[in-house]
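Here is the structure we will look at.
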Amino acid sequence: MTTTLLKWIFCAGILILGHMSGAAPAYAQNFSGSVNVRDYGVTGDGVTDDTEAIQRIFVEAGKYKDGYLTQVYGSSHAEIYFPAGTYRISAKVNLGHYISVRGEAGAVILQTDPREDLFNFKGYRARFDGLTFEGGRRALVYDPENLDTSYTYIHNCKFTNQTGYAIDVEGISSVLHIQNADFDNCMGVLNTNNDVAVLENARITTNPHMRGAVVKAAKMLMMENVVGRGRATEGAEQVWIDYGGCNLALRNVTLASVSGPGMVPIYSRRKYSSAYTGIHICIIVEDSCFDASRNPKKAVMYLEEFPNMISIRNTRESTDTSANLLDFATVPNAGYFQFSRYGLAFTFCENRCLTANVPASMRPYVRNALPAHVDEFIESMLIRDKEGLLSPASFTPPRRLNVLDFGAQRGTHFDNTSAFRAAFKTAADTPGTEVIFPSGYYRVTDTITLPDEVMVRGVAKAVIAMDGNDKDIFVAKSARNIAVIGINFLHGRGSLRLQVEPEYAGKILVNYCQFEGNAGSAVTAVSGDYHVQNNPAAKLRISDCMFLDNHQVLVSNLNVLQDSTWVTAKIWTEGDAEEFPAVFENKGLLRIQNFCGVPMQGPNARWIDNYSNLCVDFARFGGEFGGIPVLITRKEGDNISRAVIQNGWLYSHAASAPILVKQMPDLLALRNNMGVEDINLQPTYIIFDETARDVIDSVIFNSSNTRPENMTFPKRE
């Protein structure tokens with residue numbers, strides 16, 4: 001028996017005995033809370049076949065049983081860590097349901113068989129960070145259950161030389177977020193069937209021998225800050241994006257060929273079906289650049305049938321050669337449009353060297369752009385560089401503490417309140433200290449106070465659960481320079497209550513967290529006495545988070561960016577209807593980008609109460625359960641109240657509309673939005689309360705919104 005095998009048996013035995021006894025497993029005692037694969041027989045020397053050793057690690061990690069975690073999530077385990085090295089495998093590795101994998105710079109997973117995948121997983125919730133995937137058929141392939149809770153996050157990874165799609169989603173999933181990724185010489189980059197897929201800050205170089213599409217999307221896809229370098233081959237029928245879904249949005253995307261004849265940027269094959277027509281179809285392109293003159297279709301977009309909406313703005317041809325925006329399998333005649341029940345809207349403006357070749361049958365549905373001053377306001381509200389605003393990398397802790405070293409214990413029978421307080425008391429001595437929660441279930445019975453400057457990080461599946469629903473879990477009484485990363489909050493009145501000093505321009509980051517079952521607002525972040533702030537100083541970013549079954553998601557008057565989040569909202573069903581809270585309550589500056597929400601029905605339910613400045617961009621507000629109103633506009637004194645909603649799905653039930661105006665805002669702009677599935681349920685986008693009175697034409701603006709084609713306004717006195 002080899003020394004390596006003996007070491008594996010010994011370590012696995014300690015792991016299993018630790019689980020049986022209820023004690024923390026040995027690997028959780030280190031500061032990182034990670035399993036280093038080198039400690040379990042994996043060589044990473046670039047010569048040895050590490051397939052079996054790596055597979056054993058994921059099998060053993062998936063055996064970790066911990067009360068509530070086992071019942072709800074099936075398994076929980078530590079982060080699997082790959083130091084720098086080349087890890088050769090010859091067969092696919094199955095990872096399980098809940099995955100957290102991190103690589104040091106220079107960590108390469110090399111598949112030696114071009115017919116085999118690299119990593120296969122179910123993907124209830126998965127995170128991959130800092131790895132290079134080389135060779136094989138597909139690097140990451142998964143088929144998750146669509147539970148309104150699955151989330152896959154791929155960050156700082158590189159994919160090279162795959163013979164199929166580098167990332168392939170075989171089933172229906174909730175959210176996929178790919179960020180800061182490189183794709184080099186792959187036969188395909190992404191095949192997605194996610195409710196929402198986001199590909200941002202990515203660089204792509206295609207394989208000249210590929211056929212078909214670089215990216216294939218069956219549902220909703222947002223691409224932002226993506227640069228593609230195509231190496232095309234004559235007659236290979238290559239396209240950049242094969243779109244068969246319902247919502248495609250591109251912003252600051254460059255797709256150009258560096259060799260060969262060029263590739264069609266967007267090939268839309270989605271067709272209306274009498275069997276399933278309850279859906280809008282739209283394509284939105286902004287601030288982008290395409291090689292449109294040299295590809296076989298000589299256009300930016302090739303359409304088998306028309307979407308409900310096409311909006312192309314501020315886009316140019318890469319070689320400054322004239323080309324068309326559109327090309328058609330069949331140029332539609334007027335009779336075609338009888339099949340579109342959900343309204344049509346087409347906008348083409350400020351494009352360079354690209355001709356809006358609109359056939360006569362489309363022209364009645366061409367819409368005007370927003371006025372220049374409204375467009376400028378929207379641009380000022382959008383966050384173009386989210387990482388530059390606030391990211392985990394912007395927090396550099398001077399030291400690290402582990403809650404297990406302060407007596408914390410995992411499991412449903414231990415009260416960790418005192419241990420957590422001791423850890424944070426020690427952290428307060430050195431501002432910026434990182435407090436680590438290794439994977440496991442941590443029960444508390446009272447509120448934990450955070451010091452002013454601290455970083456809280458959970459490793460893999462770290463759950464903090466409050467007994468009862470009358471207390472908050474974490475409270476910061478003077479919140480500044482706080483980061484909360486990778487924590488799963490359960491129960492309690494709220495998960496995070498952050499009080500910010502009005503004069504302090506601090507920063508708060510909440511990243512890759514899950515909030516479940518809060519009786520109040522999951523996150524409350526307020527400055528001063530919670531009055532309206534049109535230009536708040538303190539900044540809060542909530543990114544890559546999931547909110548499940550909370551009575552509210554956010555109450556804030558700070559400068560907030562909430563991006564790449566999933567919300568399954570719970571609406572109150574008892575008490576005075578006027579007291580029911582909105583899912584989001586904004587009295588500051590709130591930006592919601594790349595968002596997907598599932599509403600639960602309830603009286604007086606709504607997504608957003610806005611008292612100040614709001615910008616919603618690329619968001620899906622429901623569809624399930626008939627939908628609820630998206631926005632209620634309100635005013636507090638003489639403060640400014642402005643709202644922008646663009647590139648979104650706005651659903652509402654039969655008795656209402658997406659926008660309810662309680663008090664007339666100073667500005668309300670709607671652009672590129674779609675309505676409900678059943679047109680009979682929604683007569684208008686906006687309903688005005690009888691107390692709302694103002695000069696509407698100078699306040700409310702719209703462009704390229706589908707169904708209804710015209711808004712109705714109250715009669716003027």
*Relative to each other, are the rings of F437 and F424 parallel, tilted or perpendicular (30° and 60° limits)?*
tilted
*Taking the inter-plane angle between the rings of Y151 and Y153 on a 0 to 90° scale, is it parallel (under 30°), tilted (30 to 60°) or perpendicular (over 60°)?*
perpendicular
*Report, as yes or no, whether the 6.0 Å neighbourhood of atom CZ on R229 holds more than 12 heavy atoms from other residues, nucleotides or ligands.*
no
*asked:* So does N94 get a backbone contact from the side chain of Q55, meaning a donor-acceptor N/O pair under 3.5 Å?
replied: yes
*Got a donor-acceptor contact below 3.5 angstrom from the S439 side chain to the A462 backbone?*
no
*Do the side chain of E200 and the main chain of E224 share a donor and acceptor less than 3.5 angstrom apart?*
no
*Does the cation-pi check pass for R125 over Y512, that is, NZ or CZ under 6.0 Å from the six-membered ring centre and within 45° of its axis?*
yes
*Taking S288 for its side chain and V253 for its backbone only, find out whether a donor-acceptor pair lies under 3.5 Å.*
yes
*Is a side-chain donor or acceptor of N586 paired with a backbone partner of G588 at a separation under 3.5 angstrom?*
yes
*asked:* Testing N647, V616, T565, L561 one by one against Q593 for a side-chain contact (heavy atoms from CB on, under 4.5 Å), which residue passes?
replied: L561
*Under a 4.0 Å N-O cut-off, is there an ion pair linking K92 with E116?*
no
*Do the ring planes of F133 and F128 sit parallel (below 30°), tilted (30 to 60°) or perpendicular (above 60°)?*
perpendicular
